[in-house]
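In the text below, chain A, chain B and the rest are named by the order of the sequence lines, each starting its count at 1.
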Number of protein chains: 2
Amino acid sequence: MTERVEGDAGSDQPAMNEAETRRSADSSERAYLTIRKHLVEFTLKPGERINEVQLSRSLGVSRTPIREALNRLASEGFVSLTPNRGFFVRSLSTEGLLDLYELRSIIECAAFKLMCERAEDREIDRLREYWEAIVDGYRDQPADIILAEDEGFHLLIAELSGNPELVAQLASINARIRFIRRIQIEHPSHDKAQVTFHSGIVAAAVKRDAEEGMKLLREHIEMTVSATQQALKDALLKVFAPDNAADLKRRRKVRDA
Amino acid sequence: MTERVEGDAGSDQPAMNEAETRRSADSSERAYLTIRKHLVEFTLKPGERINEVQLSRSLGVSRTPIREALNRLASEGFVSLTPNRGFFVRSLSTEGLLDLYELRSIIECAAFKLMCERAEDREIDRLREYWEAIVDGYRDQPADIILAEDEGFHLLIAELSGNPELVAQLASINARIRFIRRIQIEHPSHDKAQVTFHSGIVAAAVKRDAEEGMKLLREHIEMTVSATQQALKDALLKVFAPDNAADLKRRRKVRDA
DNA sequence: GAACGCAATAGTGTCGACACTTTCTTGACT
DNA sequence: AGTCAAGAAAGTGTCGACACTATTGCGTTC
């Protein structure tokens, strides 16, 4: 008896309903996407313990697909698993984020260099065209679109490196820092240098100037990092400022004692 | 019926010093280790479909922990999942291996550079001591030990980079190429330059000469790659030469028709 | 004799149940 | 009053079962 709850917390998956394609309902995949969304949006808060039963109820599926999704998320570093105690939302400290950005910088620089060495001219053209196609309205879009376009740009570079492992790595990193990037894009400190930056990258690619491109990438990510620290601080404030029941309770207990 | 595979533990988990999710000795974990072992030893052959029921019988557990293990292995790139058709052993083409080695080179070089920039003197000393402690009997050990010691050496560099993400990445890559590395170490073409190489790395580290160290790492991995191609060819031959039932059946069918 | 479709089989995806572990609650003892 | 222990409650880890999908084998038709 499949109880199909769609109105509840499942509201995360909007345009996924194609009556045409006989796509298997695949609860696991939907659970994965939904939970990841909750993680990215801080609906599930850092450090919090994840209740499988509660999740399975709110998604209208049994615990099995929930656990499959959580295992996947654990491999990807979103959550951690303590035996017999369950899954916990991995708390992303500032430090942890910086480590991720550093890794991203490493991967992206390497990808750019390999692209310069290996890509065909017409492939470099694809990069230029991709950028030219979005540059016009770039800054006037909503944050989500900007983010997607930016990720697409960098993923394309990874693809043109000819090494699928780099693409996979970058995609994984992107997923993990997406939430903070979105926050940062919406943050007042978000700079207008993005456009210049991307144009510079394209120019360096066309010239096959690996050094120049890597320098730009490094600088850019470096710059982003400092902006990110402020954004993260604000974000955490926003998340934990509205009454956090568990936290309050713990404090009250201590105070009363 | 329970196939208890935990003997020579070192062969599969040489240097598990990772911040990754820690698990206890539950069924899932055992299944994960066992299946991974089968994968790296080609007991489960590239491209083959994985039968969950069969696996669960041979391990004496239900399908649930098997599926959890397989999901994890899928996130890590060992197997792939096709909806409604199940898990397949990912066929590691030569090309795919080269991509992995390239990624490894990128990560290791970056780690070395960061270590040179950041590590304390006494941390560099740890690296030197690690190497001095194993250098004596290094070449006279069985392949598994050599492999574990080598992985430990490189993981230590990653640790000294101060970025846990690099450690995690390297550990994951190591797991995926371990099977071929072991084969390669046992292969006649395995060179004696290993000792010189590691000593050179240590020397460069002590001098904080990032360029020198990265050059050594690149050269070394480059060299390994060509040796690996031959080793892989031999390995695949060895794996597929003894009758492969599925394959033979398919061929017979075609021939008879 | 070959292509097609239908039935039988094998195998995955998901479920609800239960055992065991951890955490919380209550109440006795000092 | 405070501490500790025993029991209750909550929650995870694993199981066997079942529905549905893909594959295989067989018989029919042209």
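Atom CD of B/Gln54 and atom P of C/dG11 are 8 Å apart (whole Å). One atom, CG of B/Asn71, and another, P of C/dT12, lie 13 Å apart when rounded to the nearest Å. Between the CG atom of B/Asp26 and the P atom of D/dT12 there is a distance of 14 Å, rounded to whole Å. One atom, CG of B/Asn51, and another, C1' of C/dA10, lie 8 Å apart when rounded to the nearest Å. In this structure, the CD atom of B/Glu52 is 11 Å from the P atom of C/dT14, given to the nearest Å. Straight-line distance from the OH atom of B/Tyr32 to the C1' atom of D/dT14: 20 Å, rounded to whole Å. For the pair B/Ile66 CD1 and D/dT14 C1', the computed distance is 12 Å after rounding to whole Å. Distance, A/Leu55 CG to D/dG11 C1': 13 Å, rounded to whole Å.
Using a 4.0 Å cut-off, no side-chain N or O of A/Asn84 falls inside it from OP1 or OP2 of D/dT12.
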Expected rows: protein N/O vs nucleotides 6-8 of chain D N/O, under 3.5 Å:
none

Between protein and nucleic acid, restricted to nucleotides 15-20 of chain D and to nitrogen or oxygen atoms under 3.5 Å apart, what atom pairs and distances do you find?
residue, atom, partner, partner atom, Å
D/dC15, OP2, B/Ser62, N, 2.6
D/dC15, OP2, B/Ser62, OG, 2.8
D/dC15, N4, B/Thr64, OG1, 3.4

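In this structure B/Arg126 satisfies the side chain to side chain donor-acceptor pair (under 3.5 Å) test with no other residue, sequence neighbours excluded. Looking at residues two or more places apart in sequence or on another chain, you find a salt bridge (Lys or Arg N to Asp or Glu O under 4.0 Å) between A/Asp150 and A/Arg181. Residues forming a salt bridge (Lys or Arg N to Asp or Glu O under 4.0 Å) with B/Glu165 (at least two apart in sequence, or on another chain): A/Arg90, A/Arg176. Scanning for salt bridge (Lys or Arg N to Asp or Glu O under 4.0 Å) contacts around A/Arg36 gives an empty result, with sequence neighbours left out.
With B/Leu100 as the fixed residue, the side chain to side chain contact (heavy atoms under 4.5 Å, CB included) test singles out one of B/Ile177, B/Val225, B/Ile180: B/Ile177.
The two residues A/Leu155 and A/Val167 make their nearest non-hydrogen contact at CD2-O, 3.9 Å. Taking both residues in full, the closest heavy atoms of A/Pro65 and A/Ala31 are given as O-CB, 4.2 Å, listed atom of the first, atom of the second, then distance.
For A/Val53, the listed nucleotide lying nearest its side chain is D/dT12; candidates were D/dT12, D/dT14, C/dT14. In this structure, the nucleotide among D/dG11, C/dG13, D/dG13 sitting nearest to the side chain of A/Arg67 is D/dG13.
If you check every strand for non-hydrogen atoms under 4.0 Å, A/Ile50 touches sugar and phosphate atoms only.
For the atom pair NE2 of A/His187 and OG1 of A/Thr228, the computed distance is 10.0 Å after rounding to the nearest 0.5 Å.
The aromatic rings of B/Phe153 and B/Tyr130 sit tilted relative to each other, their planes meeting at an angle between 30° and 60°.
Between B/Arg49 and A/Gly86, it is A/Gly86 whose nearest contact on DNA chain D lies nearer the 5' terminus.
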